[in-house]
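Notes follow the structure.
Small disclaimer: the values here were computed from a predicted structure and weren't measured.
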Amino acid sequence: MAARPLVHKTAMPGLGLTAGVTLAMLSIVVLLPIGALLLKGAGFGLSNVLEVVGRERVMASLYLSFKLALLAALFNLVFGVLLAWVLVRYRFPGRRLLDAAVDLPFALPTAVAGIALTALYAPNGAFGSLAQNIGWKIAYTQTGIFIALVFVGLPFVARTVQPVIEEIEQEVEEASATLGASRPYTLRHVILPMLTPAALTGFALALARAVGEYGSVIFIAGNIPLRTEIAPLLIVIQLEEFNYDAAAAIGIAMLVISFVMLLAINLIQIVSRRRMGHV
């Protein structure tokens with residue numbers, strides 16, 4: 001019995017060249033930096049890494065970063081899908097302008113976004129003053145960080161789901177209604193299964209962006225240790241103090257936690273795709 005080839009030939013020419021270039025770029029852009037970080041941590045020692053990560057200030061910043069990143073990604077998952085659905089299925093004045101505005105967080109420098117959000121939600125800002133009148137403070141609190149993470153992450157979900165919604169024919173919904181299905185039943189058993197893989201991809205992208213976000217957060221966060229200090233800021237502080245080992249230790253902790261979270265999301269995607277294949 002002949003052995004199966006590891007690489008199947010396709011009609012695309014230059015497979016060896018393109019694969020080599022792709023792997024080389026992947027190594028330079030992704031694998032080498034991660035490898036350098038892990039090598040720095042290995043030189044520092046596992047016990048020292050755990051000691052740095054176990055400090056109260058570091059644990060608080062990691063918890064804050066991942067908690068708010070997860071909450072912001074979940075928020076964007078719901079409202080990003082709704083936004084994409086409205087942009088695809090409805091026609092109204094200003095739709096094209098709104099559609100273009102969705103991409104603004106991609107193009108806007110994060111520092112500029114942070115300054116703009118702070119100006120809006122500070123106690124003397126347009127929205128911050130209104131919130132202050134009812135005793136609610138937004139800027140320099142965890143609420144402000146959450147808003148900044150929602151701002152930078154929303155386009156990832158909307159733009160990932162939007163092409164999938166465009167491919168869903170309205171006749172599918174009409175056929176479901178013709179067979180007597182209610183709108184909630186159609187949404188749950190017809191629409192959502194088709195959207196789930198793309199929505200999870202957008203969720204993962206928004207989560208990854210929020211975890212590592214720095215520029216748009218530091219201005220609105222207040223940066224109070226144990227309260228509003230995010231992990232990326234703590235890494236920058238360690239670097240400014242020339243404590244490279246501690247910065248690497250915190251970076252490794254973020255890398256491990258992010259990898260576990262993204263792996264779990266990918267496993268959920270695999271399960272959802274397999275279920276779709278059996279439908």
Side-chain angles (χ1 to χ4, degrees), residues 22-73 109-115 117-118 139-146 148-149 151-153 156 203-267:
T22 301
L23 293 176
M25 291 302 298
L26 177 65
S27 300
I28 294 173
V29 176
V30 179
L31 299 181
L32 286 179
I34 293 177
L37 176 64
L38 295 176
L39 186 62
K40 184 69 175 179
F44 187 42
L46 179 60
S47 60
N48 292 325
V49 170
L50 295 177
E51 188 274 330
V52 171
V53 175
R55 296 172 184 171
E56 183 182 9
R57 185 178 179 183
V58 176
M59 291 292 291
S61 64
L62 288 172
Y63 175 75
L64 177 66
S65 293
F66 283 95
K67 179 188 74 173
L68 293 181
L70 181 60
L71 291 177
T110 56
V112 176
I115 294 172
L117 291 172
T118 304
Y140 318 124
T141 66
Q142 294 185 16
T143 304
I145 301 175
F146 172 80
L149 298 182
F151 175 80
V152 299
F156 287 94
F203 171 77
L205 293 173
L207 177 63
R209 172 65 187 273
V211 166
E213 182 59 26
Y214 175 76
S216 64
V217 174
I218 56 172
F219 294 100
I220 199 172
N223 308 321
I224 303 174
L226 304 179
R227 291 178 60 187
T228 60
E229 186 178 56
I230 59 174
L233 174 62
L234 192 55
I235 293 176
V236 173
I237 292 175
Q238 297 299 323
L239 292 175
E240 291 176 345
E241 296 175 352
F242 302 101
N243 193 352
Y244 300 120
D245 291 330
I250 301 172
I252 291 173
M254 294 189 68
L255 176 65
V256 172
I257 298 173
S258 299
F259 178 79
V260 172
M261 295 177 69
L262 294 177
L263 179 62
I265 295 172
N266 287 332
L267 291 177

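A side-chain donor-acceptor contact under 3.5 Å links Thr228 to the backbone of Asn223. Between the Ser65 side chain and the Val211 main chain, no donor and acceptor come within less than 3.5 Å of each other. Proximity of a side-chain donor or acceptor of Glu213 to a complementary backbone N or O of Ser216 within less than 3.5 Å is detected.
Considering CG of Leu32 and CG of Leu39, their distance stands at 11.0 Å, rounded to 0.5 Å. Considering CD1 of Ile265 and CG of Leu205, their distance stands at 9.0 Å, rounded to 0.5 Å. Rounding to the nearest 0.5 angstrom, the gap separating the NZ atom in Lys40 from the CG atom in Asp245 is 4.5 Å. Atoms CG and CD1, on Leu46 and Ile252 in that order, are 9.0 Å from each other to the nearest 0.5 Å. For the atom pair Tyr63 OH and Leu68 CG, the distance stands at 9.0 Å (nearest 0.5 Å). Interatomic distance, CD1 of Ile224 versus CG of Leu64, reported as 11.0 Å (0.5 Å rounding).
The shortest side-chain heavy-atom distance between Leu149 and Val217 falls under the 4.5 Å cut-off. Put simply, the side chain of Gln142 does not reach to within 4.5 Å of the side chain of Arg227, judged on heavy atoms. Residues Glu240 and Ile235 form no side-chain contact, since every pair of their non-hydrogen atoms from C-beta on lies 4.5 Å or further apart. At least one side-chain heavy atom of Leu239 sits under 4.5 Å from a side-chain heavy atom of Tyr244. Taking 4.5 Å as the limit, every side-chain heavy atom of Ile220 sits out of range of all side-chain heavy atoms of Tyr140. You'll find the side chain of Glu51 reaches within 4.5 Å of the side chain of Arg55, heavy atoms only. A 4.5 Å side-chain heavy-atom check between Phe146 and Leu71 finds at least one atom pair inside the cut-off. With contacts defined as side-chain heavy-atom distances shorter than 4.5 Å, the pair Arg209/Phe156 qualifies.
Under the side chain to side chain contact (heavy atoms under 4.5 Å, CB included) rule, Glu229 has a single partner from Leu234, Val58, Ile145, which is Leu234.
Heavy atoms only, all atoms of each residue included: Thr118 and Gly114 are closest at OG1-O, 2.7 Å. Taking all atoms of both residues into account, the shortest heavy-atom contact from Leu226 to Arg57 is CD2-CA, 3.6 Å. Contact record, Leu62 with Ala231: CD2-CB, 3.8 Å, taken as the closest heavy-atom pair. Of all heavy-atom pairs between Val53 and Ala249, the closest is CG2-O, 3.7 Å.
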**Q.** Derivation and outcome, side-chain contact (heavy atoms from CB on, under 4.5 Å), residues Thr110 and Phe219
**A.** CA-CA 10 Å; Thr110 56; Phe219 294 100; over 6 Å; no

Q | Intermediate values then yes/no, side-chain contact (heavy atoms from CB on, under 4.5 Å), Leu255 and Leu37 | A | CA-CA 9 Å; Leu255 176 65; Leu37 176 64; 4.3 Å; yes

Q.
Run the side-chain contact (heavy atoms from CB on, under 4.5 Å) test on Phe66 and Ile257 for me, step by step, so that the C-alpha distance in whole Å, both residues' side-chain angles and the decisive distance to 0.1 Å come before the verdict.
A. CA-CA 9 Å; Phe66 283 95; Ile257 298 173; 3.4 Å; yes

